[in-house]
Amino acid sequence: MIDKTVADLREAVAGIADGATVMVGGFGRAGQPVELIDALIDAGASELTIVSNNAGGGDLGLARLIAEGRVRKVVCSFPRQTDSWHFDRAYREGRLELELVPQGNLAERIRAAGAGIGAFYSPTAVGTPLAEGREHREIDGRTYLLEHPIRADVTLISGLRADRWGNVVYRRTARNFAPIMATAARTTVVQVDEIVPLGALDPEAIVTPGIFVDRVVAVGGRRWLRDGAFVGGVDLQGEPLAAPTAELATAQTAGGDR
Amino acid sequence: MIDKTVADLREAVAGIADGATVMVGGFGRAGQPVELIDALIDAGASELTIVSNNAGGGDLGLARLIAEGRVRKVVCSFPRQTDSWHFDRAYREGRLELELVPQGNLAERIRAAGAGIGAFYSPTAVGTPLAEGREHREIDGRTYLLEHPIRADVTLISGLRADRWGNVVYRRTARNFAPIMATAARTTVVQVDEIVPLGALDPEAIVTPGIFVDRVVAVGGRRWLRDGAFVGGVDLQGEPLAAPTAELATAQTAGGDR
Amino acid sequence: MTDRLDRDALARRVAADIPDGAYVNLGIGAPTLVADHLPPGSEVILHTENGMLGMGPAPAPGDVDPDLVNAGKLAVTELPGAAYFHHADSFGMMRGGHLDLCILGAFQVSQTGDLANWSTGAPDAIPAVGGAMDLAIGAKDVYVMTDLLTKGGESKLVETCSYPLTGLGCVTRVYTDRAVFDVTPEGFAVRELFGTTTLDELRELTGLSLTLLPLTEESR
Amino acid sequence: MTDRLDRDALARRVAADIPDGAYVNLGIGAPTLVADHLPPGSEVILHTENGMLGMGPAPAPGDVDPDLVNAGKLAVTELPGAAYFHHADSFGMMRGGHLDLCILGAFQVSQTGDLANWSTGAPDAIPAVGGAMDLAIGAKDVYVMTDLLTKGGESKLVETCSYPLTGLGCVTRVYTDRAVFDVTPEGFAVRELFGTTTLDELRELTGLSLTLLPLTEESR
């Protein structure tokens, strides 16, 4: 019998070695696997290369991993945020290396790794400083840059629900990089709010089939819903986000439509 | 207001010119947009280049299009079937050209067209006759072939349900090539069993977002469910498939889960 | 000063040019204001590159959903007809030319349509590009929405960008607080003048030999 | 003749080697019989390249669903835990090395693991490749399941394939009606002999200098 669920977060991140390349899902805080990152910090690995869209904000998750000095290099598109003080400090002090990749190339390079594509030509970044020293090629009158896959030892992502085969569904824009990162690592670990029985997920709506998933751990409703320790960003006026209303929280975690 | 639904099949295929490149969804008969192909035959276009996984079976759909002499060239992975007599005859008589593409390269080349990838390196077909004369490249010790996108003027596909924005969901393995073909043509036309109100499709489960779709036409329950004119293939023993039971047909078209 | 459009008025002006049914990406920052000024009854489908089509306005306070944010990581809502997808699909949508329009901010735009909007090249800055380079080449039209001048009074419309480029020859139109410019094979052409602004003033401010589109003469 | 495994027995023999939890693609034709012989209680997840994981056995007569077929276009069923996806995702899954095992038929397998299974090169044949070339390179292990000899009595195990290739050096093991062979750096090594078949007989039938795996000696 296949059962990819593990008992706790410690087991979920077991075996991540010093120097490992770790993909971390999330776009800002949406979809960031904060509980897995906390477990990774507890497990003690260091000298990590992190592949993620951002480099953490505030004092938790990726930001905390960097603050703890565990990260040697970040591969991302957008490290700079109003609250990326931990990354900023480490970068300015020369304590970590940054590889900047345009967001779409980052996504496509991760997908290429998972899909067995050797390399591909992208039109993004042609004529910019990020094109310097790269292979250029003209195809049908347009110039492209050669882009190579980005692989990882481990992927850490956050989903809404999973079953014991490792099938995963996500919630709204928390999906972002998770489905492609799941395909690009030797070991893919998923935290979900809830593990459901096999067959409970609609086969037409499964976003990440279990073939890409090695370990699943349930973390309960995420922190911002569970205990009021809401950590969201700012609204359109730049004001801090309020925690969701109790009704919304209930609707969203009660096994409703999504 | 956006309304991509059109009144009838004639309008759905309007404007397809002689010599056009037309992508046609389906894997065998699963997902083949038979009603749209019939309308295309009625509309009269000829000298077509067809991009599809197969080249038709029996006497309907793609097979009929070929039988009617409308096809100049077929780009596909597997034209030969036990019942591909119309293709076989036209090919042997030199009345149409065949470009054979391995199925995975066919799919990835179609995706590349839709995703703005200039070209990509695939490991498939290296060392085979289909690699002859192609650009080879060694990447990280493995040999790859350069593959270019396949684009079309028009894509004809079949879905289960759509809304007026052109969001589409499919049914089981009838999905196959449709979602990628929808992205790779200037005009994408979708036949569905049923058009549903905007908001009726689960945003987490939409497979083809409306941005890729230009026209949607409702054809009712497909023929094999609607009027008993079931046209399916053979079972594991090679026996012709029986038409589905009435209960199954009801369950599948009554707006049930899928 | 009153002749210049303020940010909201400019957003309204840009919004008026977006046709019903268009698929539009508003990037981050000021251009996202355009969403608030779309003509009532018009259906414009907003794409956010973090994986959504059919993005709606900011939620009411207390209805914020941290799983539902835009590219600027601000809270948004979901309209009926919305769809979610992953990042590779989202940028494929963009790179594949399926969006009708991107509206972006800019540090500089050159008369050949080159865009600089991701870096001022300051040596001590932490580089961050996000989706800027993908957006710059990822739509049938790329409009820039910006003040004509920097805070220091320098023209953002230039002969050649001095800042690091985001994309080559990608901008098709520039909406500024003083005028609207099309990027043409002959350089910038003034499409519309706001308030009392004149062509000569614009030539002086930009140092460019601007032309006037026939359309503009009419509309005055 | 009775010492040779028939097709069902061979399928059962292959099935016995598939570990619980494996992701397996059975191609089309004879290898699909393996599905009927998986050990009871073992969960093996079948992939069909036309867009499904968790494929179940053929449906009962009258329960056929033409929207639910395998790569051979035959009716199948859906198991709890199944998932559907499109063709690019399906072949990405394969090409990306996520499948544990593909089981394929063959016209010829060379001692370096080259596979020929899509074309006999007959000049009048209509060429058709389907997913054969993608499958050949698309799994951690590629097993071939075939009779050792053609109907004309020629060995399908060869020094070098004379038929057009499907993939280079991709086959890792060959299950035949007379023996099981591993592809090793030293060529074919016999892993298991069926019935009274001997190594010498196999050498004679194939014309190859076969070695015997230590495992085989033990198991006799």
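Comparing A:A55, A:P123, A:A30 by heavy-atom pairs within less than 4.5 Å of chain C, the highest count is held by A:P123. When A:N53, A:L130, A:I110, A:L98 are compared by the number of non-hydrogen pairs under 4.5 Å with chain C, A:L130 comes out ahead. Between chain C and the options A:R175, A:M181, A:R80, heavy-atom pairs under 4.5 Å are most frequent for A:R175. Taking chain C as the reference chain and counting heavy-atom pairs below 4.5 Å, the highest number among A:L100, A:V126, A:L106 is found for A:L100. Ranked by heavy-atom pairs shorter than 4.5 Å toward chain C, the options A:D88, A:I180, A:N176 are led by A:N176.
Looking at A:N54, the atoms closer than 4.5 Å to chain C (heavy atoms on both sides) all sit in the side chain, from C-beta outward. When heavy atoms are compared at a cutoff of 4.5 Å, A:V207 does not approach chain C at all. With a 4.5 Å cut-off on non-hydrogen atoms, A:R109 does not touch chain C at all.
Around CD of C:E43, the count of heavy atoms belonging to other residues, nucleotides or ligands within 6.0 Å exceeds 12. Residue-environment remark: CD (C:E154) stays at or below the threshold of 12 foreign heavy atoms within 6.0 Å. For CZ of A:R142, the number of neighbouring non-hydrogen atoms (other residues, nucleotides, ligands) closer than 6.0 Å is greater than 12.
Between C:G130 and A:F78 the shortest heavy-atom distance is N-CD1, 3.4 Å. Residues C:D134 and A:G104 share a closest heavy-atom pair of OD2-N, 2.9 Å. Of all heavy-atom pairs between A:Y91 and C:P127, the closest is OH-CD, 3.6 Å. Nearest approach of A:P79 to C:I126, heavy atoms of both residues: CG-CG2, 4.1 Å. When all heavy atoms of C:G131 and A:Q103 are compared, the closest pair comes out as N-NE2, 3.3 Å.
When C:N50, C:D67, C:D65 are each tested for a side chain to side chain donor-acceptor pair (under 3.5 Å) with A:R172, only one passes: C:D65.
Classification of the A:F177-C:H87 ring pair by plane angle, with boundaries at 30° and 60°, yields parallel.
A:T173 contributes no side-chain N or O that, together with a main-chain N or O of C:G51, makes up a donor-acceptor pair within less than 3.5 Å.
Remark: A:Q81 CD to C:K73 NZ distance equals 4.5 Å, nearest 0.5 Å. Within the model, atoms CZ of C:F91 and OG of A:S122 stand 11.0 Å from one another, a figure rounded to the nearest 0.5 Å.
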Exercise for review: Would you check, one step at a time, whether the test side chain to side chain contact (heavy atoms under 4.5 Å, CB included) holds for C:R95 with A:E108?
Suggested key: CA-CA 11 Å; C:R95 196 190 306 107; A:E108 190 70 11; 3.6 Å; yes

